[in-house]
Amino acid sequence: MAKLQAIRGMNDILPDQTPNWQYVEKCFQAVVRRYGYREIRFPILEQTQLFKRSIGEVTDIVEKEMYSFDDRNGDNLSLRPEGTAGCVRAADQHGLLFNQQQRLWYQGPMFRHERPQKGRYRQFQQFGVEAFGMAGPDIDAEVIQLSASLWQDLGLENYLTLEINNIGTAEDRKRYAAALTAFLVFHAEELDDDARNRSHSNPMRVLDSKNPDVQEALKGAPALVDYVSDESVIHYSELKSLLTQVGVEFTESPRLVRGLDYYNNCVFEWTTDSLGAQGTVCGGGRYDGLVEQLGGKPTVAAGFAMGVERLVLMLDSLGKIPEATAQVIDVYMVVVGGQLAGSAVLLAKQLRQRFPEIGLITHCGGGKYSNQMKRAFNSGARLAIVLEAESEQPLETVKIRHLIDSGDSVSVEIANCGDKLAEILGISE
RNA sequence: GUGACUGUAGCUCAGCUGGUAGAGCCCUGGACUGUGACUCCGGUGGUCGCGGGUUCGAACCCCCGUCAGUCACCCCA
């Protein structure tokens, strides 16, 4: 019988790696707290319709990457491929949006059926923030600044670059898309199949094609800038001014087009060249029309999401994860002789009650002294408490041995073990 | 979804032109050591990703399929 294995593209994160994740999570939570964002949690499963209506019917995500299925009631459900749609649905359903401002954050797994690759998995973890009810460019700037704060805390500020672009309003893009389609149809012979197919369905996606021939053909194509309304232009230039004032560097990328339909006005991406082909670590922008599109009252919004796997990969390869994040044990209790098991569990219980912060492993499974000591050293503990019977008499003393500093050991009466431990570990009660 | 490369013990790898597998580390037993780590001796562990085909016989420098990984395309976080 073949061994069962994890679903392709869905990874187990093992104990050696989890401290790295906890480190990133801790940093992220510290930053969002600093900016006054509150956590929201919403289901991993939603009606497929939610994603079709928000992300867009003709996007790659909806067309070929969603995990969709009929449940036992015959409802068509999908594992969420991103967080914004569910966040909007949840916030609106519970009346958090109408006539209000909200700063929200979330974290959790997303699912897309893509071919796995470094930094791209079928189940992947995202952090995101969404801000509702604020129309000005100041909230756009805040959201971007928040992400920049995180890079600073993680020590990544020199490894990520910010690209921004103004994609105008939905109306602007409708007019632009028409003009672009006309251009692409005229130049159809110079395009590749992929570009040709998109000329009608999603012409703006053709713009960021990596095919040099396509890029060559695009010379002379109508520019989005010329179709963007004055209002958008002003909003965008105010955002740029704010970013400059706050010291967030950026480059403008006229070709930056996000793959989800709900974005409008300013969009942005943080990218790195240290992750190979999956260079985008964080992306977002404004989505003023989405709430209404999903049936809510018109509510402006902006937000972003970042890929945690990519961040962890980056931090790991750059050596930016502090040593101290790994979980360590403080005390390893060595128990030689089966008749001491009762004394051991009792002492351990008392110590754990008295020092709730320390980590204490009691050796289980018996074995001779030398092997237990070996485990004690390998555990990384600072101290070993040694319970060893000298005779048939009840145990009166234990040894406390330094494992890291000196190797010295002291004998203490079992009743005074806690006091001695507090003294050595410098715990004040 | 497309292409290229890769897949041998828990880990890192070796295996000459086809004849049914080895090393180091790890783990473990013992010796030694004033009770772990040095040194010495011994041991566990692999139907060579899986399934077929070619061959008297393939881990193999043969073929096909399949699964998985890596990288690129694509996509996006």
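Side-chain atoms are counted along with the backbone in the values below, which use heavy atoms only and exclude waters and symmetry mates.
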If the C1' atom of B:rA58 is compared with that of B:rG51, how far apart are they to the nearest Å? 15 Å
What's the gap between B:rG43 and B:rC5 when it is taken at their P atoms, as a whole Å value? 42 Å
Value in whole Å for how far the P atom of B:rA68 lies from CG of A:N11: 13 Å
Protein-nucleotide distance (A:F111, atom CZ; B:rA77, atom C1'), rounded to Å: 14 Å
Check A:S232 against A:N166 and note the closest heavy-atom contact, atom names and distance. O-ND2, 3.4 Å
Within the pair A:K64 and B:rC74, is there a side-chain N or O less than 4.0 Å away from OP1 or OP2? no
d(CD1, A:I400; P, B:rU35) in whole Å: 19 Å
Using a strict heavy-atom distance below 4.0 Å, which residues from residues 300-309 of chain A are in contact with RNA chain B? A:A305, A:G307
Compare the ring of A:F377 with the six-membered ring in the base of B:rA37 and state whether they stack (centres under 5.5 Å, planes under 30°). no
Testing the basics here: between A:E130 and A:G303, what is the closest heavy-atom pair and its distance to 0.1 Å? OE1-CA, 3.5 Å
What orientation do A:Y287 and A:Y263 show, parallel under 30°, tilted 30 to 60°, or perpendicular over 60°? perpendicular
When all nucleic acid strands are considered with a 4.0 Å heavy-atom cut-off, which category describes A:S370: base, sugar-phosphate, or nothing? sugar-phosphate
Counting Watson-Crick and G-U wobble pairs only, both distances under 3.5 Å, name the nucleotide matched with B:rC73, or none. B:rG1
Between B:rG7 and B:rC61 - P atom distance, rounded Å: 10 Å
Least distance between heavy atoms, A:V412 atom then A:C417 atom: CG2-CA, 4.0 Å
Rounded to whole Å, how long is the line connecting atom CD of A:Q5 with atom P of B:rC50? 12 Å
Any chance the side chains of A:Y37 and A:E142 put a donor and an acceptor closer than 3.5 Å? yes
Say you pick atom P in B:rA59 and the same atom in B:rG53; how far apart are they, in whole Å? 14 Å
Tell me: CG of A:D12 to C1' of B:rA68, nearest whole Å? 14 Å
Distance in angstrom units between A:L260 CG and B:rA77 P, rounded: 5 Å
Interatomic spacing from CG in A:L290 to CZ in A:R53 - rounded to 0.5 Å: 10.0 Å
At less than 4.0 Å, is any side-chain N or O atom of A:N371 found next to OP1 or OP2 of B:rG29? Yes or no. yes
For nucleotides B:rC25 and B:rA37, find the distance between their P atoms and express it as a whole number of Å. 14 Å
I'd like to know whether the aromatic ring centres of A:F28 and A:W105 sit less than 6.0 Å apart in this structure. yes
Please report the distance, rounded to the nearest Å, between CD1 in A:I385 and P in B:rG36. 19 Å
To the nearest Å, give me how far apart CH2 (A:W270) and P (B:rA77) are. 16 Å
Using a heavy-atom cut-off of 4.0 Å across all strands, would you classify A:G119 as base, sugar-phosphate, or nothing? base
Of A:K368 and A:N378, the one whose nearest nucleotide on RNA chain B sits closer to the 5' end is A:N378
Are side-chain N/O atoms of A:S253 and A:N165 paired as donor and acceptor at under 3.5 Å? no
Between atom CD of A:Q107 and atom CZ of A:R41, what is the distance when rounded to the nearest 0.5 Å? 8.0 Å
Would you list the protein and nucleotides 1-5 of chain B atom pairs, both N or O, that sit under 3.5 Å from each other?
unit_1: B:rU2; atom_1: O4; unit_2: A:R115; atom_2: NH1; d: 2.7
unit_1: B:rG3; atom_1: O6; unit_2: A:R115; atom_2: NH2; d: 3.3

